Amino acid sequence: MNKEDVIAAIGSELPVLKQAGKLKRLSAVADLGAYYQVAWLMRPDGTGLEPLYDNQSYQLPVMAANEQLIEFPNAEVN
């Protein structure tokens, strides 16, 4: 899989799926109007990712405030 696909998937925060299910590929929705990218499809041969679309946007899960804290170990500065 190429690095650009991995970076795009991570940056989008959308799920990566092994099967498209009811979601559609770009070629199926290109002229249909308001479709949103909602996931990525892992190609069966493992060579990359394809965006998947639906006509309903999905809300990404949001971490609770207490899960967003990052603790850094004390480090001595020389």
Side-chain angles (χ1 to χ4, degrees):
M1 180 178 332
N2 67 43
K3 190 186 314 183
E4 289 79 18
D5 283 350
V6 173
I7 291 171
I10 291 171
S12 72
E13 299 183 2
L14 297 172
V16 176
L17 308 175
K18 291 184 180 181
Q19 297 180 345
K22 69 178 187 86
L23 302 176
K24 301 179 183 329
R25 291 179 170 87
L26 180 60
S27 59
V29 300
D31 296 327
L32 297 179
Y35 273 79
Y36 306 92
Q37 183 181 355
V38 295
W40 294 93
L41 175 66
M42 174 74 70
R43 291 189 185 125
D45 59 4
T47 60
L49 301 170
E50 295 180 48
L52 292 174
Y53 297 87
D54 197 1
N55 57 359
Q56 297 179 23
S57 62
Y58 293 173
Q59 184 169 0
L60 297 173
V62 177
M63 292 173 46
N66 61 346
E67 294 175 350
Q68 295 178 16
L69 300 177
I70 300 173
E71 294 185 26
F72 294 96
N74 291 335
E76 293 182 20
V77 178
N78 294 330

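Here the structure is a predicted model, which means the values were calculated and not measured. Heavy atoms only: backbone and side chains are in, while hydrogens, waters and symmetry mates are out.
- In this structure, Arg25 CZ and Tyr53 OH are separated by 12.0 Å, a value rounded to the nearest 0.5 Å.
- With sequence neighbours left out, the side-chain contact (heavy atoms from CB on, under 4.5 Å) criterion links Ala20 to Leu41, Leu52.
- Here the straight-line distance linking atom CG of Leu23 with atom CD of Gln56 works out to 10.5 Å at 0.5 Å rounding.
- In this structure, the separation between CG on Asp5 and CH2 on Trp40 is 6.5 Å, given to the nearest 0.5 Å.
- Pairing each heavy atom of Pro15 with each of Val38, the nearest pair is CD-O, 3.5 Å.
- Salt bridge annotation for Asp54-Lys22: present, with a cationic side-chain nitrogen under 4.0 angstrom from a carboxylate oxygen.
- For Lys18, there are no side-chain contact (heavy atoms from CB on, under 4.5 Å) partners two or more places apart in sequence or in a different chain.
- For the atom pair CD (Gln37) and CG (Leu14), the distance works out to 5.5 Å, reported to the nearest 0.5 Å.
- With sequence neighbours excluded, no residue forms a side chain to side chain donor-acceptor pair (under 3.5 Å) with Asn55.
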